[in-house]
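Positions are given from 1 along the sequence. Since we're looking at a predicted model, the values are computed, not measured.
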Amino acid sequence: MSATYLRACALSDLPAEGALGVEVEGVLVAVVRTGDEVFALHDVCSHEEVPLSEGEIYDHTLECWLHGSCFDVRTGKPTGPPATKPVATYPVKVEGGDVYVALTAADLTS
């Protein structure tokens with residue numbers, strides 16, 4: 001299945017170390033910047049249905065604000081309880097000051 005890159009936000013909209021919740025074609029996406037890297041994850045915690053983008057970022061980890069579940073922003077895998085299921089991650093590219101995320105047809109129809 002081929003992925004289509006869609007504009008998520010301007011790079012300048014992202015905090016230097018943090019996350020921004022956006023909606024891309026109906027898909028909730030947390031765009032995360034840590035250092036010089038940008039990542040994108042599904043913006044819904046796999047433990048409770050709350051936005052991950054409202055959490056804290058440290059050492060490639062996104063910590064959910066509600067119960068403290070931690071996820072690796074590179075893989076979406078949980079690194080701390082209570083979450084046990086990963087969240088989806090999306091390929092990212094930065095071009096011309098904008099952040100684009102790649103969504104597949106499956107992402108867009110789910």
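Distance check, rounded to the nearest 0.5 Å: CG of Leu52 to CZ of Phe71 gives 5.5 Å. The distance from atom NE2 of His47 to atom OG of Ser69, rounded to the nearest 0.5 Å, is 5.5 Å. The CG atom of Leu6 sits 12.5 Å away from atom CG of Asp98, with the distance rounded to the nearest 0.5 Å.
At least one side-chain heavy atom of Trp65 sits under 4.5 Å from a side-chain heavy atom of Pro51. Side-chain atoms of Ser46 and Pro86, non-hydrogen and from C-beta on, never get closer than 4.5 Å to each other. Looking at Leu41 and Asp43, their side chains never come closer than 4.5 Å, going by heavy atoms from C-beta outward.
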I would like to know whether Tyr5 and Lys93 meet side-chain contact (heavy atoms from CB on, under 4.5 Å); could you show each step before the answer? CA-CA 8 Å; Tyr5 279 90; Lys93 68 179 179 180; 3.6 Å; yes
Just do the salt bridge (charged side-chain N to carboxylate O under 4.0 Å, His left out) check on Lys77 and Asp72 with the steps written out, would you? CA-CA 6 Å; Lys77 292 181 180 172; Asp72 186 318; over 6 Å; no
CA sep, side-chain torsions, deciding dist, call: Thr89, Phe39, side-chain contact (heavy atoms from CB on, under 4.5 Å): CA-CA 8 Å; Thr89 58; Phe39 302 93; over 6 Å; no
Full working for side-chain contact (heavy atoms from CB on, under 4.5 Å) between Tyr100 and Cys9: CA-CA 7 Å; Tyr100 295 85; Cys9 63; over 6 Å; no
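Sequence neighbours left out, not one pair with a member in residues 79-88 passes side-chain hydrogen bond (donor to acceptor under 3.5 Å, both in side chains).
A donor-acceptor pair under 3.5 Å is formed between the side chain of Asp107 and the backbone N or O of Thr104. A donor-acceptor contact shorter than 3.5 Å is absent between the side chain of Arg33 and the backbone of Leu20.
Taking every heavy atom of both residues into account, Ala8 and Val101 meet most closely at CB-CG1, 4.2 Å. Between His60 and Thr34, the shortest heavy-atom distance links the atoms CD2-CG2, 3.8 Å. Looking at every heavy atom in both residues, Val32 comes nearest to Ala19 through CG2-CB, 3.9 Å. In terms of heavy atoms, Cys64 sits closest to Val50 at SG-CG2, 3.5 Å. A pairwise comparison of heavy atoms in Thr61 and Cys70 identifies CG2-CB, 3.6 Å as the closest pair.
Val27 and Leu14 end up in the same hydrophobic cluster when Ile, Leu, Val, Met, Phe, Trp and Tyr side chains are linked at under 4.5 Å. Under the 4.5 Å side-chain heavy-atom criterion for ILVMFWY residues, a single connected hydrophobic cluster contains both Val94 and Leu103. In the hydrophobic cluster analysis, where Ile, Leu, Val, Met, Phe, Trp and Tyr join through side-chain heavy atoms closer than 4.5 angstrom, Val99 is grouped together with Tyr90. Linking Ile, Leu, Val, Met, Phe, Trp and Tyr whenever their side-chain heavy atoms come within less than 4.5 Å puts Val92 and Leu11 in one cluster. Cluster annotation: Val29 is not connected to Val87 through the hydrophobic network of ILVMFWY side chains, with a link wherever side-chain heavy atoms come within less than 4.5 Å.
The local environment of CD in Glu17 is crowded, with over 12 non-hydrogen atoms from other residues, nucleotides or ligands closer than 6.0 Å.
Partners of Glu23 under the salt bridge (Lys or Arg N to Asp or Glu O under 4.0 Å) rule, at least two apart in sequence or in another chain, do not exist in this structure.
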